[in-house]
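Contents: one structure, followed by commentary.
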Amino acid sequence: MQNRQTGISRFAFWSAVSFLVVLLILLMVQVDRQWTRMDAMQRIMTEQATDIRNSRQVLRQLEQTLRSGQFAVGQAENINAESGPDKAFSRAYAAMQQPDYAQGDWLRLAFATGLKTLTPLVSADAYSADVQSFVLESLLTRDPDTLEWSGLLAKNWQISDDGLIITFKLRSGITFSDGEPLTAEDVVFTYDFIMNEQIAAPRSRAYLSRIASVTAIDELTVEFVFSEPYFNSLQLAGSIDILPAHFYGPYLDAPQKFNESRGILMGSGPYRLADPTTWTPDQGVVELVRNPRYWAPVDASFDRIIWRIIENDSARLTTFRNGDIDVYSALPREYETLLKDAAITERSQDFEYLSPTAGYSFIAWNQARQGEATRFADKRVRMAMSLLTDVDRILGEIFLGYGQPAISPFMEGSGQHDPQNVRIPHDVERAKTLLSEAGYADRDGDGVLESADGEPFEFELTFFQDSDDTRRMVLFLRDIYARAGIVLEPKPTEWSIMVENIQNKNFDAITLAWTSGVEIDIYQMFHSSQTVEGGDNFINYENPALDAVIDKARAEVDEQKRMQYWHQAEKMLVEDQPYTFLFRRNTMAFVDKRIHNLEKTSLGLNLMSVPVEIYVPTAMQQQR
């Protein structure tokens with residue numbers, strides 16, 4: 001009996017202790033939530049105080065203007081009552097004139113890979129750039145139809161006769177999303193921040209290397225001075241995303257904190273993160289809310305833009321079928337089937353096209369690891385790999401012909417491409433000859449090539465693990481390389497790990513894709529100077545002759561002469577094969593019929609255009 005009572009007492013004791021521990025944990029969670037709410041409230045109160053302060057300043061200026069008698073009716077900077085807003089917003093303004101135009105609802109999208117970071121400059125992928133395009137703004141924007149530049153943050157600009165000085169006049173009344181004004185000092189800060197060697201922005205520094213200085217002439221005037229002529233100087237200066245100095249400035253005292261951050265994102269754009277500092281990849285979703293202080297004459301239509309991270313292809317299609325995302329980019333093997341699927345076609349509109357600025361996919365051959373040259377440093381080996389890579393069969397059998405073989409970084413039909421530079425054919429015998437010349441032979445009769453010192457020709461090909469088509473392509477390559485005595489070890493890898501491996505140059509070969517543009521500058525990918533840590537020449541490719549041609553092309557403002565240099569550069573790349581250039585893929589998108597005003601432009605579908613041109617009519621809205 002005594003033992004039983006002792007057992008009951010112990011049970012009661014440990015039950016009480018467990019109960020107290022649970023209470024303590026719940027209390028800690030509650031306290032943590034309270035602190036989070038207090039931080040959010042403090043941020044909102046700070047922003048509201050800024051709004052009140054700015055409103056008082058505007059009232060004082062208005063009062064002074066009235067007293068001085070200088071007030072003139074109708075001097076609105078951005079909106080003209082008869083013609084509408086200026087050029088940068090003309091397409092978005094035209095959308096507003098549609099009879100069924102309405103604001104509201106959410107735009108719901110999906111990313112096929114997890115994002116490593118949203119922090120500008122630190123991020124290195126097109127997915128984070130998509131998010132940033134709604135949050136950050138630059139001085140200029142390009143018309144998607146005419147491809148002409150027009151002022152966004154800049155009201156106007158002047159270029160000196162020698163082309164070395166560009167002076168931008170900013171619009172007045174622009175604020176960042178926290179209410180702080182955007183001035184010329186923020187433009188200067190952005191340039192200085194990027195050029196600070198402690199900030200992990202080697203790609204952006206490479207772009208800006210030809211700018212000698214950026215100076216604020218007054219509160220709304222900023223001057224860019226180039227050290228030498230550069231063909232793309234207006235785009236270079238006008239496309240820098242302007243960062244708020246008061247927000248990013250403190251990170252200069254703790255650059256490592258910025259470099260390792262996941263979601264430090266604030267700008268002057270139409271959307272913002274609810275909290276500009278706390279986004280992390282483990283949230284599995286990116287959610288932007290409307291910027292309540294957006295300065296422009298045309299507000300964006302959607303209340304929210306949401307990207308869900310759905311890495312599995314089938315899961316992404318299922319999510320689209322269920323109506324939980326608005327856009328689905330079809331895989332080639334399913335596109336024809338989906339076109340006949342009534343459940344899909346009844347609720348969506350489809351688009352299939354090859355964008356004139358479509359990016360290109362490739363296999364990159366790493367030419368040095370840990371300071372030691374690899375077998376791919378020999379251009380005969382790289383050429384042999386390209387000769388063995390049957391691009392036509394890959395494009396036809398795996399991607400069902402929805403694309404165009406790539407010859408070089410330059411798109412066929414563009415001024416940068418020379419028709420005399422033709423793509424590398426599939427030629428197994430020539431590949432074997434080149435490999436033999438490079439010292440490779442099957443020395444032990446096991447069917448695998450060995451180098452002169454007996455090392456078998458084996459390598460790992462890194463690829464994104466959740467892309468079924470890429471996986472099939474890699475397995476196809478494994479088979480055709482094996483027939484030539486080369487062992488390919490597929491290395492499926494998570495996207496965030498791939499990014500780290502690229503930055504650390506920790507791979508044998510990797511298959512990726514670059515985005516493209518109207519006229520692209522290949523300096524960052526192929527110039528020897530960009531083999532630096534974190535640079536985009538992550539394959540350690542060096543060719544001094546190509547460097548000289550790239551330098552000449554970048555410095556040539558005469559378009560006809562510059563194209564001749566690009567043609568020379570293209571010839572060298574075709575002969576050198578630092579990449580095996582694969583193909584440009586068609587866009588095959590299904591978009592929910594709720595989304596109105598979609599159209600194809602010279603830059604592709606206007607789905608992601610900013611200023612925002614698409615909308616959902618009131619009767620079709622689902623989220624309010």
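Just so you know, these numbers come straight off a predicted model, no measurement behind them.
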Donor-acceptor under 3.5 Å (Ser348 side chain, Val591 main chain): no
message: Whether the side chain of Asp326 engages the backbone of Leu109 through a donor-acceptor N/O pair (distance < 3.5 Å, no angle test) should be reported.
response: no
Heavy-atom side-chain contact between Ile242 and Ser268 under 4.5 Å: no
- prompt: Would a 4.5 Å heavy-atom cut-off, applied to side chains only, mark Glu311 and Ile309 as touching?
  reply: yes
Sub-4.5 Å side-chain heavy-atom contact between Thr493 and Asn501: yes
- request: Hey, could you give me each pair passing salt bridge (Lys or Arg N to Asp or Glu O under 4.0 Å) that has a residue in residues 347-359? Not counting sequence neighbours.
  value: Arg347-Asp592
query: Just checking, is any N or O donor in the side chain of Thr580 or Thr389 under 3.5 Å from an acceptor N or O on the other one?
result: no
message: Quick check against the 3.5 Å criterion: does Arg290 have a side-chain atom that pairs as donor or acceptor with the backbone of Ala300?
response: yes
query: Taking the inter-plane angle between the rings of Phe193 and Phe258 on a 0 to 90° scale, is it parallel (under 30°), tilted (30 to 60°) or perpendicular (over 60°)?
result: perpendicular
- prompt: What pairs with Lys491 under salt bridge (charged side-chain N to carboxylate O under 4.0 Å, His left out), at least two apart in sequence or on another chain?
  reply: Glu460
field: Approximate separation, where rounding is to 0.5 Å, of Phe526 CZ and Ile539 CD1
entry: 6.5 Å
- request: Calculate, to the nearest 0.5 Å, the distance between atoms OG1 and CH2 belonging to Thr119 and Trp279 respectively.
  value: 9.0 Å
query: Where do Pro405 and Leu395 come nearest, in terms of heavy atoms and distance?
result: CD-CD2, 3.7 Å
task: Apply the test side chain to side chain contact (heavy atoms under 4.5 Å, CB included) to residues Arg91 and Glu599: give CA-CA distance (whole Å), side-chain angles for both, the deciding distance (0.1 Å), then the verdict.
output: CA-CA 11 Å; Arg91 290 177 58 91; Glu599 62 176 87; 3.4 Å; yes
field: Nearest-0.5 Å distance that lies between atom CZ in Arg333 and atom OH in Tyr335
entry: 15.5 Å
- prompt: Within a strict 4.5 Å, meaning less than it, do heavy atoms of the Met473 and Asp469 side chains meet?
  reply: no
task: Please report the closest heavy-atom contact between Val612 and Ala92, naming both atoms and the distance.
output: O-CB, 3.4 Å
field: salt bridge (Lys or Arg N to Asp or Glu O under 4.0 Å) pairs, two or more places apart, involving residues 123-138
entry: none
- request: Could you tell me whether Asp86 and Arg171 make a salt bridge, using a distance below 4.0 angstrom between a side-chain N and a carboxylate O?
  value: yes
message: Is the shortest side-chain heavy-atom distance between Met525 and Asn537 below 4.5 Å?
response: no
query: What is the distance from atom CG of Leu265 to atom CG of Leu243, rounded to the nearest 0.5 Å?
result: 9.5 Å
- prompt: Of all heavy-atom pairs between Gly104 and Asp303, which one has the smallest distance, and what is that distance?
  reply: CA-OD2, 3.6 Å
message: Under the side chain to side chain donor-acceptor pair (under 3.5 Å) definition, can you give me all pairs with a residue in residues 600-609, not counting sequence neighbours?
response: Asn606-Glu613
- prompt: Ring centres of Phe302 and Tyr271 under 6.0 Å apart?
  reply: no
statement: All heavy atoms of Pro120 vs all of Tyr248, minimum pair found to be CG-OH, 3.5 Å
task: Could you go through the side chain to side chain contact (heavy atoms under 4.5 Å, CB included) check for Thr183 and Asp186 one step at a time?
output: CA-CA 5 Å; Thr183 71; Asp186 292 295; 3.6 Å; yes
query: Are the aromatic ring centres of Phe247 and Phe176 under 6.0 angstrom apart?
result: no
task: Please list all pairs passing the side chain to side chain donor-acceptor pair (under 3.5 Å) test where one or both residues lie in residues 392-407, with sequence neighbours left out.
output: Glu336-Tyr402, Asp392-Arg423, Arg393-Glu397
field: Derivation and outcome, side chain to side chain contact (heavy atoms under 4.5 Å, CB included), residues Glu494 and Gln465
entry: CA-CA 6 Å; Glu494 184 184 332; Gln465 63 181 10; 3.8 Å; yes
Considering all heavy atoms, the nearest Phe134-Leu288 contact: CB-CD1, 3.8 Å
message: Could you check, using the six-membered ring where one of them is a Trp, whether Phe410 and Phe581 have ring centers closer than 6.0 angstrom?
response: no
task: Would you indicate whether the side-chain heavy atoms of Ile502 and Phe538 approach each other to under 4.5 Å?
output: yes
Pair Phe89 and Tyr93, ring centroids less than 6.0 Å apart: no
query: So, do Leu139 and Ile240 sit near enough that their side-chain heavy atoms are less than 4.5 Å apart?
result: no
message: Using side-chain heavy atoms (C-beta onward) and a distance below 4.5 Å, is Phe168 in contact with Val187?
response: no
Donor-acceptor contact below 3.5 Å, side chain Gln416 vs main chain Glu519: no
- line: Between Thr511 and Leu582 the two heavy atoms that sit nearest each other are OG1-CD1, 4.1 Å
- prompt: With no hydrogens and no angle check, is any side-chain donor or acceptor of Gln132 less than 3.5 Å from a backbone partner on Leu118?
  reply: yes
- request: Could you go through the side chain to side chain contact (heavy atoms under 4.5 Å, CB included) check for Val286 and Tyr127 one step at a time?
  value: CA-CA 11 Å; Val286 180; Tyr127 306 110; over 6 Å; no
Tyr328 OH to Leu317 CG distance, which is reported to the nearest 0.5 Å: 4.5 Å
- request: Check whether any side-chain N or O of Arg272 sits under 3.5 Å from a backbone N or O of Gly267 as a donor-acceptor pair, and report yes or no.
  value: no
field: Exam field: side chain Gln349 to backbone Ile595, donor-acceptor pair closer than 3.5 Å
entry: yes
Flag, side chain of Gln621 to backbone of Val616, donor-acceptor distance under 3.5 Å: yes
message: Once rounded to the nearest 0.5 Å, what's the spacing between atom CG of Leu512 and atom OG1 of Thr462?
response: 9.0 Å
Under 3.5 Å donor-acceptor pairs involving side-chain atoms of residues 146-153, not counting sequence neighbours:
from, atom 1, to, atom 2, distance (Å)
Thr146, OG1, Asp143, OD1, 3.4
Thr146, OG1, Glu148, N, 3.2
Glu148, OE1, Lys87, NZ, 2.8

message: Would the distance check show the side chain of Asn312 and the main-chain N or O of Ala315 forming a donor-acceptor pair, the cut-off being under 3.5 Å?
response: yes
- prompt: Got a donor-acceptor contact below 3.5 angstrom from the Ser138 side chain to the Leu140 backbone?
  reply: yes
- prompt: Is a side-chain donor-acceptor pair under 3.5 Å present for Asp105 with Tyr615?
  reply: no
